[in-house]
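Letters go in sequence order (proteins before strands), and every chain restarts at 1.
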Amino acid sequence: IMMETSWSCCTNLGPSGSSLLVTSDMSKLFQKPNFAQLCQQKKKELQGPRRSAKVHAYYGLKSPPYKLDALEPYMSQRTLEMHWGKHHRGYVENLNKQLEKNDTLYGYTMDELIKVTYNNGNPLPEFNNAAQVWNHDFFWESMQPGGGNMPIFDLLQQIEKDFGSFTNFREKFIEASLTLFGSGWVWLVLRRNEKRLAILKTSNAINPLISADIPIISLDMWEHAYYLDYKNDKGKYANVFMDHLVSWNAATVRMARAQAFVNLGEPKIPVA
Amino acid sequence: MALRSILSKNTIARSVGLGLRLGHVRGLKTLSLPDLPYGYGALEPVISEEIMHLHHLKHHLTYVTNYNKALELLDVAMGKGDAQTVVKLQSLIKFNGGGHINHSIFWNNLAPTGEGGGEPPEGPLAGAIDKQFISLGKLIDKINAEGAALQGSGWVWLAFDKELGRLAVETTLNQDPLVTKKATLVPLLGVDVWEHAYYLQYKNVKQEYLSSIWKVMNWKYAGEVYDKSRS
């Protein structure tokens with residue numbers, strides 16, 4: 001059973017008057033003798049049990065764009081059930097618990113929340129949970145049943161331009177996954193400043209949003225991502241990801257969107 | 001067992017060969033995988049045989065192998081005066097060397113329940129624990145809390161700080177050995193909180209692994225290290 005909502009929001013308007021800006025004094029200014037009475041009436045209407053005005057905004061667990069057994073035999077249903085159902089869900093729930101206690105972080109979008117809680121290298125406690133929620137959403141969408149193969153058209157051309165060949169890119173990506181120390185992620189990103197694709201390794205929860213680079217695909221190299229299926233064989237996991245799991249469709253869409261932010265040069269307009 | 005000693009002999013032979021080929025014989029001392037002081041299934045049901053097998057023969061051995069490889073490359077680079085490569089190799093050496101150091105301590109930190117595992121500390125260490133942490137239970141709670149809070153991969157340690165003359169609970173990230181945190185810290189007990197240490201058995205319930213591991217904790221070894229480091 002999967003939950004479809006990615007956002008749910010509920011507000012409690014209490015009697016503290018945060019939603020009402022007029023007081024009985026101002027009613028005299030407006031010369032509406034019954035205004036104060038109307039205000040009181042409205043207050044009583046909205047007043048439920050005595051609670052202070054608190055707005056709760058929660059993040060929900062977004063389900064992957066496929067069933068949990070859809071990536072078999074390359075990523076088992078058991079792994080998806082643990083990884084998404086326990087780890088990813090845990091990050092979401094812990095983030096919600098933290099946000100409940102922290103009014104100043106209310107109102108940020110997920111991207112902004114990550115950047116703000118990263119706090120320029122001195123991360124706040126919410127960072128780990130927020131970033132990991134985002135990272136896992138991005139990771140599920142970086143894979144698809146029947147994935148692998150090769151990218152086509154523009155994305156392939158850009159990879160060939162920036163890495164020499166697709167084979168070279170694939171080799172470098174897998175090498176990055178094998179040389180990461182500890183827990184972390186491997187990313188294909190579009191570097192904003194250099195206007196080119198690059199492979200990035202990050203530790204723990206860190207992601208390219210921090211460096212304002214645009215992520216195109218990611219591979220989770222935390223042990224929990226592959227241990228049940230591949231034990232300590234990181235190489236096999238990374239190769240299987242490249243051969244059977246990576247969604248070049250998702251990558252193409254992200255690349256197209258990225259080009260709204262990064263000018264990669266003149267479009268190739270076919271000449272009649 | 002025999003296979004492991006063959007592996008280590010090969011490594012030494014290879015490294016010496018390299019040295020001779022390049023014209024200098026630097027007595028390169030490579031590492032070898034230490035044997036487990038007990039059988040692979042001896043820590044059941046707290047730590048499964050499958051995990052012990054993988055942890056020792058795959059993870060630990062890989063650290064040893066990669067450390068030796070890095071050491072050989074370092075030797076070559078030092079001989080050539082290639083400072084760039086020497087510095088570049090540092091992270092590999094710290095990671096793999098640290099992995100070997102930490103796991104070597106870890107195997108000694110554990111003992112089967114019939115052979116002292118889980119028995120509370122005695123002697124000076126017990127006294128120091130009670131004095132500093134009020135009780136053994138409170139110390140264990142502290143270590144478990146630090147382990148649970150650790151994000152990513154790392155270790156939790158009970159250490160003796162030689163400079164301050166007191167015990168300390170410390171965490172290190174990845175495979176950083178305790179000395180990288182402070183040179184005067186002596187590791188008494190370490191708990192591996194890398195996911196590979198518990199995942200197959202405890203899945204994501206790290207807390208259960210942490211609370212269970214005390215049933216096979218070898219406090220006698222910790223006590224011995226403590227006594228030695230205070231002398």
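- There is no side-chain donor-acceptor pair under 3.5 Å between A:N239 and A:H244.
- Residues satisfying the ring-ring contact (aromatic ring centres under 6.0 Å, His included) criterion with A:F139, sequence neighbours excluded, are A:W185.
- For A:R170 and A:F163, the positive end is not near the middle of the six-membered ring at less than 6.0 Å and at most 45° from its axis.
- Looking only at distances, a side-chain donor or acceptor of A:R192 sits under 3.5 Å from a matching main-chain atom of A:A212.
- Within residues 90-111 of chain B, the residues having any heavy atom closer than 4.5 Å to a heavy atom of chain A are B:S91, B:L92, B:F95, listed by residue number.
- Classified by interplanar angle (parallel below 30°, tilted 30° to 60°, perpendicular above 60°), the ring pair B:H55/B:H196 is perpendicular.
- Under the 3.5 Å distance criterion, with hydrogens and angles disregarded, no donor-acceptor pair is assigned to the side chains of A:S211 and A:R191.
- Between chain B and the options A:L228, A:N232, A:T179, heavy-atom pairs under 4.5 Å are most frequent for A:N232.
- For a residue to count as touching a neighbouring chain, one of its non-hydrogen atoms must lie under 4.5 Å from one of that chain's; by this rule B:E50 touches chain A with the side chain only.
- Under the 3.5 Å distance criterion, with hydrogens and angles disregarded, a donor-acceptor pair is assigned to the side chains of B:S153 and A:S183.
- Interface remark: of the candidates A:K86, A:K231, A:H224, A:H224 forms the most heavy-atom pairs closer than 4.5 Å to chain B.
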